[in-house]
Amino acid sequence: MTVDTRTLANAIRALAMDAVEAANSGHPGMPMGMADAATVLWTEYLKHDPADPAWPDRDRFVLSAGHGSMLIYALLHLTGYARPTLDDIRGFRQLGSPCAGHPENFLLDGVEATTGPLGQGLAMAVGMAIAERHLNAEYGDGLVDHRTWVIAGDGCLMEGVNHEAAGLAGHLGLGRLIVFWDDNRITIDGATDLSTSEDVAGRYAAYGWQVVRCDGLDAGDVRRAIDEALADPRPSLIACRTIIGFGAPNKQGTAATHGAALGPEEVAAARRTLGWDYPPFELPPEIVATWRAAGSRGQSAHEAWRQRLEASADKAEFARRMAGDLPEGFSLDAYIAGLIAAPQKLATRKASELALEAINALLPETIGGSADLTGSNNTKTKGQKPLTKEDYSGRYLYYGIREFGMAAAMNGMALHGGVIPYGGTFLIFTDYARPAIRLSALQRIRIVYVMTHDSIGLGEDGPTHQPVEQLMSLRAMPNLDVYRPADAVETAECWALALGRAGTPSVLALTRQNLPQVRLEAGENLCARGAYRLRAAAAPRRAVLLATGSEVALALDVAEALEGQGVGADVVSMPCWERFDGQEAAYRAEILPVGALLVAIEAGATLGWERYIGRSGLAIGLDRFGASAPAGDLFRHFGFTVEAIVSKILERLE
Ligand SMILES: Cc1ncc(C[n+]2csc(CCOP(=O)(O)OP(=O)(O)O)c2C)c(N)n1
Ligand SMILES: [Mg+2]
């Protein structure tokens, strides 16, 4: 190299200072402190090819400390990715620039994960490392042989999710995962000793990780640490002692550099200190050339890999899986036809297991799992063997009681590609996983959340375990499909729909209790409409009953009773609001006619049903916490009976 590492790193420092200055917002401290370590990693170790950011066998790099986004923008630009351009960087944090405040996987190639919510980048990286080992076990070293690198800050290592993620990584022996800890002893409020005194290194060692220390501002020492990490079979934490805002002479080492522009005087002083004699956003040609040369290091490895792929008998299947395409002709129609032919009374969690038996046989890319509720979530099918440290080829993960860690790991697996993760817990504990579910939705990835015990129907476990507001709050999340199927047929249909949407995560809300089969006729996937008329009024229509999941069968009984009194009633099964909202206006108007009393029946919070039933509709729901009793008693107690609902409807119709 003609230019030394410090000078290369100073290009990152300058871009970070200048971009934050231009935006008058952003975080210069972290990129400036970690610039040397990141330069060593990106110019000497990271396996990638800026000309093909999607190369499947590239190393994955995750900036878990996402507030330091200028670090990755600078790295991508300097190593020669098409974007961000210098203009993109000039537009840092402005509308239209891919250099958003935090790195977004859907805005820039080379940004493997959306980060910013601290801790989750690290947790997603664990999922990427799992996917890598799994695909390696399936396809061999020739096609899959890469590493996952992370830069995490003090914040990432304080957040609870790092415990779940690191514990899982240690247990699974993910030795190709290497995490740099920006050990600068500063967070927003000031020095870390304001709030923490734990032994992070000891904690990681206890998880089964190798812990290496280095001076993060000394390139040679960083190299030594990386080499030690590479040589060790365990996942590695490299604690890099750094100085936040390194180079800004009056502010470095203080929280003042964390999240604000340094100001023109301090930037000028930093330029002098660093010996960086160039105007804002200007990079001298020899420095750019050295960076670009480093960026093209991976080309020959990439070419060799391409040749191995060409020669591989697995080429087409590997490409299909990495593209995220389902196999040609994938369909659950035959399985659904069997359900129609022999109707059963089943809990939808059991129906989901049966659907999964069909799915897992047809889709080699699924990886299931549960946060220690396998037998309750019905997520494991007969043929699935566990994915373990000894055998990464397994397709079932015992995540342990780590709901958030599981969801984040699934995000990482989906982002890695080649696998479709699904995982279960109780619907109530979506609240434990919610920040990662939100990142599934934001990152536009396919995850299927198998969430069972979806209402007071779970019975005796009582109100701590009975979801009330979870369905509605999940429906409020953008780009998340929330399904609450009513029987075995709908459950299979919803599974097919969830798998068919590559850019959208799904939640399946499933019952513990048995439900009668309400779908008895063969035909199209009706759940695809989100809501459909399951029963048409016989007498002149005066009511339309909208129900989901376990309340659909109840609604059918209510309709029967109403008809007995001369009141015509439609029953609309509404397994997925999001899909219904996507239907054309005429269809929606046909399902929700004017003139009839619109009644929502769902054992959960009623907030939101106004969207369909209007202000004059009737919402039968549960706007309080549940109670502990057998399910049947609870449904009676809370008014989910034919008698109670019929009398409320008749009262309204009078
Ligand atoms: C879950 C979460 N909580 C809070 C924040 C707000 N936040 C952003 S950076 C930060 C401090 C992080 O400290 P550290 O990781 O040490 O970063 P450094 O100051 O060293 O750059 C906080 C609290 C966040 N991004 N995510
Ligand atoms: Mg810090």
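Reckoned from all heavy atoms, side chains included, excluding hydrogens, waters and symmetry mates. Positions are given from 1 along the sequence. Ligands are counted one by one from 1 in listed order, and the atoms in each one are counted from 1 as well.
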**Prompt:** Charged N to carboxylate O under 4.0 angstrom, D109 versus R83?
**Reply:**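 No.
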**Message:** How close do M410 and I447 get, counting heavy atoms only, and between which atoms?
**Reply:**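 Looks like O-CD1, 3.3 Å.
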**Asked** So which residues, sorted by chain and number, lie with a heavy atom under 4.0 Å of ligand 1?
**Response**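 Contacts of ligand 1 under 4.0 Å: M30, H67, G116, P117, L118, G153, D154, G155, E159, N184, I186, T187, I188, I244, H258.
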**Message:** Between S440 and R446, does the side chain to side chain donor-acceptor pair (under 3.5 Å) criterion hold? Intermediate values first, please.
**Reply:** CA-CA 7 Å; S440 317; R446 176 173 41 197; over 6 Å; no
**Those residues that, when tested against H67, pass ring pair (Phe, Tyr, Trp, His ring centres under 6.0 Å) (two or more places apart)** =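 Residues passing ring pair (Phe, Tyr, Trp, His ring centres under 6.0 Å) with H67: H27, H258.
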**Prompt:** What pairs with Y422 under ring pair (Phe, Tyr, Trp, His ring centres under 6.0 Å), at least two apart in sequence or on another chain?
**Reply:**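 Residues passing ring pair (Phe, Tyr, Trp, His ring centres under 6.0 Å) with Y422: W495.
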**Pair D182-M30, side chain to side chain contact (heavy atoms under 4.5 Å, CB included): steps then yes or no** = CA-CA 8 Å; D182 179 16; M30 187 265 158; 3.6 Å; yes
**Prompt:** Do T39 and I12 have side chains that get closer than 4.5 Å, going by heavy atoms?
**Reply:**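 Contact flag for T39/I12 side chains = yes.
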**Request:** Anything under 30° is parallel, anything over 60° is perpendicular, the rest tilted; go ahead and classify H465 against F429.
**Result:**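 Ring orientation, 0 to 90° scale: perpendicular.
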**Asked** Is there a donor-acceptor pair closer than 3.5 Å between any side-chain N or O of R292 and the backbone N or O of L78?
**Response**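 Between the backbone of L78 and the side chain of R292 there is a qualifying donor-acceptor contact (under 3.5 Å).
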**Prompt:** Which count of protein N, O or S atoms is obtained for distances strictly below 2.8 Å from the Mg ion (ligand 2)?
**Reply:**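 Near the Mg ion (ligand 2), the number of protein N, O or S atoms below 2.8 Å is 3.
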